[in-house]
Amino acid sequence: MSNYQTPALLEGFAVSATLESLRIKQLEEQSATLRNSVICAFNQLLDLKDLNTGVHSTRLAEWGMRVGQELGLEESELQNLEVAALLHDIGKVGIPDAILRKPGRLDADEYDLMKKHSEYGWAVLRMLPGFERAALDILHHHESFDGKGYPAGLKDTEIPVVSRIVCVIDAFDAMVSSRPYRKGLPYEEAVRRLNEASGTQFDPVVVRTFLSFAQAEMSTVFAAAGTSVSSAL
Ligand SMILES: [Fe+2]
């Protein structure tokens with residue numbers, strides 16, 4: 001009798017395994033949809049506060065993913081990296097405009113307040129199921145490799161790898177991008193500054209990995225940043 005039951009049992013297992021994998025696929029799709037919706041919603045919030053730099057954040061995500069892939073990050077880490085690259089400054093929504101838009105240097109108190117943006121970003125994103133890890137990565141995106149950053153003064157590999165990546169590419173992008181009150185730095189000067197701070201402010205492995213492909217992309221970058229390629233290279 002068992003000879004007759006075995007194929008039916010096996011068939012039953014096969015059906016439930018298929019249903020299970022379908023269910024997992026559905027959950028993964030739902031999770032990806034939620035992630036994209038959250039990114040879109042927060043990007044709109046950044047737009048409202050005039051904090052979204054469009055090309056800047058998309059480019060950060062592309063560079064970040066490339067560095068992450070070259071460093072062998074797992075798929076789940078790459079997903080967090082995408083969120084962290086796009087939304088690392090979401091906490092600036094909580095910083096007063098007088099400080100965000102101050103054209104000159106911030107005084108000590110203003111700078112202390114500005115530094116709160118990484119904690120604010122963490123405090124908001126950690127409330128969303130599935131974003132807890134990305135929230136932590138955002139919390140630490142201004143840590144320094146030598147331990148002199150903020151908010152926790154973490155150093156070296158104590159700093160989450162995603163935060164170390166966002167820190168480098170964000171700094172580089174800020175250097176080469178033009179602002180209303182200043183012109184972006186030429187590529188070679190930005191590379192020099194990145195190398196100079198490699199091992200102190202920045203993770204040297206991340207810097208090396210980023211620079212291994214950065215130059216090849218510079219014409220696009222400088223076109224988007226409003227800096228002329230000929231003056232930059
Ligand atoms: Fe930041």
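These values consider heavy atoms only, across backbone and side chains, with no hydrogens, waters or symmetry-generated copies.
Using a 4.5 Å heavy-atom cutoff, the side chains of L34 and Q30 are not in contact. Between D170 and L60 the shortest side-chain heavy-atom distance falls below 4.5 Å. Side-chain contact between V83 and V38: absent, with no pair of heavy atoms (C-beta onward) separated by less than 4.5 Å. Side-chain contact between L136 and P160 is absent, with no heavy-atom pair separated by less than 4.5 Å. Taking the side chain as every heavy atom from C-beta outward, F172 and Y187 approach each other to under 4.5 Å. Within the 4.5 Å cutoff, side-chain heavy atoms of D97 are placed close to those of K49. Using a 4.5 Å heavy-atom threshold, the side chains of F202 and L194 count as touching. Between V93 and V124 there is no side-chain heavy-atom pair separated by less than 4.5 Å.
Criterion: ILVMFWY side-chain heavy atoms under 4.5 Å apart, direct or through other members. Under it, L46 and M114 are part of a common hydrophobic cluster. Grouping the Ile, Leu, Val, Met, Phe, Trp and Tyr side chains by contacts below 4.5 angstrom, directly or via other members, places V168 with V176. Taken together through direct or relayed side-chain contacts under 4.5 Å among Ile, Leu, Val, Met, Phe, Trp and Tyr, I95 and L139 form parts of separate hydrophobic clusters. Under the 4.5 Å side-chain contact rule for hydrophobic residues, F210 and F145 do not share a cluster. Put simply, V166 and V207 are part of the same group of oily side chains (I, L, V, M, F, W, Y) that touch within less than 4.5 Å, one to the next.
For T209 (side chain) and V205 (main-chain N/O), a donor-acceptor pair under 3.5 Å exists by modelled atom type. In terms of modelled atom types and a separation under 3.5 Å, the side chain of K116 and the main chain of E119 share no donor-acceptor contact. The closest donor-acceptor contact from the side chain of T200 to the backbone of A197 lies under 3.5 Å. Between the H88 side chain and the A85 main chain, a donor and an acceptor come within less than 3.5 Å of each other. Put simply, the side chain of E77 gets close to the backbone of E74: a donor and an acceptor are under 3.5 Å apart. E132 places a side-chain N or O within donor-acceptor distance of the main-chain N or O of G130, the cut-off being under 3.5 Å. Judged by distance alone, the side chain of S37 and the main-chain N or O of T33 form a donor-acceptor pair under 3.5 Å.
When all heavy atoms of L71 and I165 are compared, the pair lying nearest together is CD1-CD1, 4.1 Å.
More than 12 non-hydrogen atoms from other residues, nucleotides or ligands lie less than 6.0 angstrom from CZ of R101.
For E70 and R66, the salt-bridge test passes: some basic side-chain N is under 4.0 Å from an acidic carboxylate O. A salt bridge links E189 with R192: at least one charged nitrogen is closer than 4.0 Å to a carboxylate oxygen.
Among residues at least two apart or in separate chains, salt bridge (charged side-chain N to carboxylate O under 4.0 Å, His left out) pairs with a member in residues 143-166 are R164-D203. Every pair passing ring-ring contact (aromatic ring centres under 6.0 Å, His included) that includes a residue from residues 94-117 is listed here, sequence neighbours excluded: H117-H141, H117-H142.
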